[in-house]
Amino acid sequence: MAEYHKQLSSDAQKIPEHVAIIMDGNGRWAQKRSLPRVSGHREALKTIKRVTLEAQRLGVKVLTLYAFSTENWKRPKSEVDFLMKLPQQFLNTYLVELIENNVQVRVMGDMTRIPQYTMRAVSQAVEQTKSNTGLILNFALNYGSHSEIVSAVKKMVQDVQARKLDPESIDEDLLADYMLSPALPDPDLLIRTGGELRLSNFMLWQLAYTELYFTDTFWPDFNEEDLRKAVREFACRQRRFGGLNGKGGDNK
Ligand code: FPP
């Protein structure tokens with residue numbers, strides 16, 4: 001195992017700097033076992049912990065997890081209430097271990113609708129880990145790309161009206177600064193578990209050149225080896241970013 005990590009790290013450029021994950025299949029994992037759907041979400045927390053630590057071991061710098069989408073409010077209230085308690089539960093159980101591993105917790109999304117107890121847990125974790133220099137564990141919470149883009153446009157228009165922004169200066173880099181992930185590199189690898197082949201309103205701007213990896217494995221079953229498999233496949237892909245040779249290469 002140590003040999004494996006050494007081998008992967010020896011070619012650091014093949015380790016994705018930023019991995020984003022759509023954690024899907026919790027409900028089906030539970031249904032398959034004749035359990036209530038929420039027990040799949042509870043099991044999902046263990047997966048988050050093991051995948052975070054494995055990502056850190058592999059040398060991934062940022063791990064963004066789609067924890068709750070702007071569309072998830074459409075679920076039955078009882079399930080939404082359960083989902084909103086998960087951050088607190090996760091952090092109560094695992095924050096100490098994350099801190100021991102130098103992990104920095106962040107959150108992105110529209111926090112206005114998040115219950116106070118959820119916000120408190122998340123804000124405390126963000127505060128307590130802000131000086132950590134290891135992997136950034138970025139939770140997308142009440143996140144949706146369409147809403148992110150609408151907010152970015154509104155904010156830009158306000159800045160133009162307030163004469164803080166010259167419309168002529170608007171370019172791709174500037175628009176990226178108005179998104180919810182301005183300080184993060186775009187994801188290199190997107191993993192979606194649970195067998196569905198779609199992006200579900202997740203990081204649409206940031207995923208423009210991301211390598212996509214889909215697996216049928218339900219999120220609660222996803223383990224360290226599954227992550228390594230995705231990273232191995234990523235390492236075999238040739239990224240050209242629209243050119244012939246890769247980023248900064250021939251752009252014809
Ligand atoms: C998809 O499964 C998963 C979710 C909607 C939410 C997963 C969220 C967590 C595990 C929360 C963790 C949050 C923090 C901050 C620790 P699904 O219910 O759509 O599964 P299905 O497609 O099988 O029905």
Side-chain angles (χ1 to χ4, degrees), residues 19-53 55-56 62-99 101 103-111 113-129 135-145 180 190-203 214-223 226-227:
V19 176
I21 306 186
I22 301 176
M23 310 179 283
D24 198 14
N26 298 346
R28 280 166 288 158
W29 179 92
Q31 273 155 7
K32 219 173 86 180
R33 289 162 177 76
S34 307
L35 296 167
R37 286 177 54 77
V38 293
S39 60
H41 297 315
R42 197 179 300 119
E43 194 65 24
L45 302 186
K46 295 181 193 157
T47 310
I48 294 179
K49 200 270 288 205
R50 64 174 176 254
V51 166
T52 301
L53 296 185
Q56 157 113 310
V62 186
L63 179 64
T64 296
L65 301 179
Y66 205 4
F68 191 90
S69 78
T70 45
E71 287 70 37
N72 285 152
W73 297 105
K74 294 182 204 152
R75 295 188 177 208
K77 184 174 179 313
S78 57
E79 187 170 338
V80 169
D81 289 347
F82 190 92
L83 286 169
M84 282 299 154
K85 293 201 177 104
L86 290 178
Q88 193 182 35
Q89 210 176 314
F90 176 79
L91 294 164
N92 281 346
T93 316
Y94 298 118
L95 186 60
V96 170
E97 198 172 341
L98 295 181
I99 291 174
N101 281 278
V103 169
Q104 186 189 120
V105 177
R106 291 198 199 172
V107 68
M108 69 173 186
D110 175 3
M111 295 301 123
R113 238 181 124 177
I114 302 291
Q116 232 177 21
Y117 55 85
T118 313
M119 260 334 287
R120 200 173 314 120
V122 172
S123 309
Q124 274 172 11
V126 169
E127 181 56 31
Q128 280 181 51
T129 61
L135 176 122
I136 295 172
L137 175 58
N138 182 34
F139 287 109
L141 198 57
N142 194 22
Y143 174 88
S145 279
L180 292 169
L190 170 86
I191 299 171
R192 180 173 188 144
T193 62
E196 308 290 355
L197 306 178
R198 53 177 172 261
L199 295 179
S200 300
N201 201 17
F202 187 49
M203 301 188 87
F214 297 97
T215 169
D216 288 337
T217 304
F218 295 143
W219 177 249
D221 287 329
F222 194 82
N223 62 24
D226 293 314
L227 179 68

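Since we're looking at a predicted model, the values are computed, not measured. Each ligand, and each atom within it, is numbered from 1 in the order the structure gives.
Per-residue contacts place L86 under 4.0 angstrom from the following atoms of ligand 1 (heavy atoms of the residue considered): 9 (C), 11 (C). Set against the non-hydrogen atoms of F90, the atoms of ligand 1 under 4.0 Å away are 16 (C). Per-residue contacts place A44 under 4.0 angstrom from the following atoms of ligand 1 (heavy atoms of the residue considered): 10 (C). Atoms of ligand 1 lying under 4.0 Å from any heavy atom of R37, numbered from 1 in the order shown and given with element: 17 (P), 18 (O), 24 (O).
Residue-ligand proximity: Q89 is placed with every non-hydrogen atom at 4.0 Å or more from ligand 1. Using a 4.0 Å heavy-atom cutoff, R75 is listed among the residues neighbouring ligand 1. In this structure, G25 has a heavy atom closer than 4.0 Å to ligand 1.
Between E43 and N26 there is no side-chain heavy-atom pair separated by less than 4.5 Å. Contact check for L91 versus Q124: no side-chain heavy atoms found under the 4.5 Å cut-off. Using a 4.5 Å cut-off on side-chain heavy atoms (C-beta onward), V51 and M23 make no contact. Using a 4.5 Å cut-off on side-chain heavy atoms (C-beta onward), L98 and T52 make contact. The shortest distance between side-chain heavy atoms of K32 and F218 falls below 4.5 Å.
Counting heavy atoms under 4.0 Å from ligand 1, residue L65 does not touch it at all.
Residues forming a side-chain hydrogen bond (donor to acceptor under 3.5 Å, both in side chains) with R28 (at least two apart in sequence, or on another chain): D24.
Among protein heavy atoms, atom 7 (C) of ligand 1 sits closest to N26 ND2, 3.5 Å. For atom 1 (C) of ligand 1, the closest non-hydrogen atom of the protein is M23 O, 3.1 Å. Scanning the protein for heavy atoms near atom 12 (C) of ligand 1, the closest one is I48 CD1, 3.7 Å. Among protein heavy atoms, atom 13 (C) of ligand 1 sits closest to A67 CB, 3.6 Å. Taking atom 22 (O) of ligand 1 as the reference point, the nearest protein heavy-atom neighbour is D24 OD1, 2.9 Å.
Summarising the contacts of atom 14 (C) of ligand 1 with F218, F82, F139, the nearest heavy atom is found in F139.
A salt bridge between K77 and D81 is present, with a side-chain N of the basic residue lying under 4.0 Å from a carboxylate O of the acidic one.
Judged by distance alone, the side chain of Y66 and the main-chain N or O of S200 form a donor-acceptor pair under 3.5 Å.
Ring geometry, Y94 versus F90: the interplanar angle falls from 30° to 60°, so the pair is classed tilted.
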